[in-house]
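To keep things clear, I will list the structure first and then write my remarks on it.
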Amino acid sequence: MGEYIAGSDSAFVDMMNDRVKELGLSNTHFENCTGLDDSVTNHYSCAYDLAVIACEVMKHDLVTNYSTVWLDYLRDGETELNNTNKLVNTYQGITGLKTGTTSNAGFCLCATAERDGLSLVSVVLGADTSEDRFSLSCQLLDYGFNTYQINQISLDESKITSVKVKNGTVKSIIPVTSGSDYILVKKSSEDFTYEYNIKKEITAPVYEGDILGEITVKCGEEKLVSLLLVAPVAIDAATFSYIFFVLLGNL
């Protein structure tokens with residue numbers, strides 16, 4: 001696959017290292033595209049970085065077409081393929097993802113699962129046995145599903161007030177939220193509170209996506225997330241000719 005995409009396995013490794021830099025992962029570096037570490041000197045990663053990589057991988061629905069298959073066959077049934085991830089047919093909501101085993105790394109598993117709209121990733125590295133990596137992954141995923149849930153953010157639209165546009169072709173603009181309408185919280189969380197901080201005025205030109213304010217979502221005294229309020233459309237600055245034609249049209 002590396003040769004097909006990049007022309008050679010070494011060029012593909014360069015692409016892999018460029019991608020982890022784009023993701024801001026400072027504790028990962030690849031020397032090959034196989035994961036084999038018996039002859040490498042600078043090939044490494046960590047649990048956090050692998051979890052981030054897994055999140056990126058799972059953005060592609062095509063992946064689960066393969067990562068959730070427990071058993072398949074090739075050559076008209078002559079060759080049997082078993083998924084090395086034993087959680088695929090034993091853990092509720094499992095969606096993947098990847099096992100790995102070398103003498104240096106031990107038994108490893110990056111597992112993904114989804115229940116009630118909540119998707120989780122667990123990473124186990126350096127387990128002593130294959131069974132250990134699966135049991136530890138189950139414990140991590142169980143903790144996540146038992147402790148956290150996805151809640152929908154419920155905003156008061158009447159508090160998202162319009163922003164005056166100074167010297168613009170439009171006098172005011174109503175901002176819209178940017179980002180997800182859902183938030184990860186502990187199941188024992190209190191009710192949410194919302195703090196609305198919106199600009200009173202902005203000077204044209206205004207560009208689509210310009211920040212006009214933010215809404216802070218809190219649980220008790222804990223700040224959970226800030227939602228940006230942005231301009232939904234662009235607004236040009238009012239030129240002399242624009243003002244002249246407006247006045248002319250009002251005669």
Side-chain angles (χ1 to χ4, degrees), residues 1-6 8-75 77-115 119-145:
M1 184 178 68
E3 291 175 349
Y4 177 80
I5 293 174
S8 68
D9 56 349
S10 60
F12 189 71
V13 171
D14 290 339
M15 292 177 64
M16 294 166 66
N17 286 320
D18 289 342
R19 183 64 177 131
V20 295
K21 289 178 181 178
E22 291 174 5
L23 296 173
L25 307 181
S26 58
N27 294 307
T28 296
H29 185 268
F30 301 110
E31 282 191 24
N32 59 50
C33 50
T34 65
L36 300 177
D37 58 0
D38 52 339
S39 61
V40 297
T41 58
N42 195 33
H43 186 95
Y44 57 86
S45 190
C46 67
Y48 174 82
D49 286 8
L50 290 173
V52 173
I53 293 171
C55 289
E56 289 297 310
V57 169
M58 295 305 288
K59 289 179 180 179
H60 304 279
D61 294 336
L62 177 65
V63 172
T64 57
N65 292 345
Y66 301 95
S67 63
T68 55
V69 175
W70 167 243
L71 181 65
D72 209 343
Y73 299 90
L74 296 176
R75 304 180 184 91
E78 294 181 8
T79 302
E80 183 178 276
L81 296 176
N82 276 102
N83 197 325
T84 56
N85 182 4
K86 305 305 180 185
L87 300 186
V88 167
N89 66 342
T90 60
Y91 191 84
Q92 179 189 350
I94 199 73
T95 55
L97 181 60
K98 183 69 178 73
T99 59
T101 306
T102 69
S103 56
N104 292 325
F107 293 90
C108 309
L109 172 63
C110 179
T112 58
E114 181 179 353
R115 295 180 189 171
S119 297
L120 297 179
V121 177
S122 70
V123 179
V124 172
L125 304 176
D128 293 331
T129 67
S130 179
E131 181 58 36
D132 284 346
R133 64 179 167 185
F134 295 121
S135 62
L136 289 169
S137 296
C138 288
Q139 291 177 44
L140 288 170
L141 293 172
D142 284 346
Y143 172 80
F145 286 124

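Reckoned from all heavy atoms, side chains included, excluding hydrogens, waters and symmetry mates. All values derive from a computational prediction rather than experimental measurement.
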Distance in Å, [X] [atom1] paired with [Y] [atom2], rounded so as to fall on 0.5 Å steps:
X      : Y      : atom1 : atom2 : value
Ser122 : Leu97  : OG    : CG    : 10.0 Å
Asn83  : Thr68  : CG    : OG1   : 8.5 Å
Gln139 : Leu141 : CD    : CG    : 10.5 Å
Leu109 : Ser137 : CG    : OG    : 4.0 Å
Leu23  : Cys55  : CG    : SG    : 10.0 Å
Ser67  : Met58  : OG    : CE    : 5.0 Å

- Message: Quick one, Ser103 with Asp38, criterion side chain to side chain contact (heavy atoms under 4.5 Å, CB included). Give me CA distance, side-chain angles, the key distance, then yes/no.
- Response: CA-CA 8 Å; Ser103 56; Asp38 52 339; 5.9 Å; no

- Message: One pair to check against side chain to side chain contact (heavy atoms under 4.5 Å, CB included): His29 and Asn17. What are the steps and the verdict?
- Response: CA-CA 6 Å; His29 185 268; Asn17 286 320; 3.8 Å; yes

- Message: Quick check against the 3.5 Å criterion: does Asn32 have a side-chain atom that pairs as donor or acceptor with the backbone of Leu36?
- Response: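 Yes, because the side chain of Asn32 sits within donor-acceptor range (under 3.5 Å) of the backbone of Leu36.
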
- Just by distance, do the side chain of Asp49 and the backbone of Asn27 share a donor-acceptor pair under 3.5 Å?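 Yes; judged by distance alone, with no hydrogens or angles, the pair exists.
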
- With a cut-off of 6.0 Å (strictly less than), are more than 12 heavy atoms of other residues, nucleotides or ligands near OH of Tyr48?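 Not buried by this count: 12 neighbours or fewer within 6.0 Å.
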
- Message: Could you check whether Asp142 and Tyr91, counting side-chain N and O atoms only, form a donor-acceptor pair closer than 3.5 Å?
- Response: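 Yes, because at least one side-chain N or O of Tyr91 sits under 3.5 Å from a partner of the opposite role on Asp142.
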
- Task: Determine whether the side chains of Asn104 and Thr102 contain a donor N or O and an acceptor N or O closer than 3.5 Å.
- Result: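 Short answer, no.
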
Nearest heavy atoms of [X] and [Y], plus distance in Å:
X      : Y      : answer
Asn82  : Leu71  : ND2-CD1, 3.5 Å
Ala105 : Asp37  : N-OD2, 3.8 Å
Gly126 : Cys108 : N-SG, 3.8 Å
Trp70  : Lys86  : CH2-CD, 3.8 Å
Cys110 : Val123 : SG-CG2, 4.1 Å
Val13  : Cys33  : CG2-N, 3.7 Å

- Message: Would you say that Val57 contacts Thr112 through its side chain, given a criterion of any heavy-atom pair below 4.5 Å between the two side chains?
- Response: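 Sidechains of Thr112 and Val57: no contact.
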
- Message: Using side chain to side chain contact (heavy atoms under 4.5 Å, CB included), reason through Thr84 and Thr101 one step at a time and then give a plain yes or no.
- Response: CA-CA 11 Å; Thr84 56; Thr101 306; over 6 Å; no

- Flag this pair as yes if the NZ/CZ of Arg133 is under 6.0 angstrom from the six-membered ring centre of Phe107 and inside a 45 degree cone about the axis; otherwise no.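 Verdict for Phe107: no cation-pi partner in Arg133.
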
- Can you check side chain to side chain contact (heavy atoms under 4.5 Å, CB included) on Ile53 and Val20, steps first, answer last? CA-CA 8 Å; Ile53 293 171; Val20 295; 4.2 Å; yes

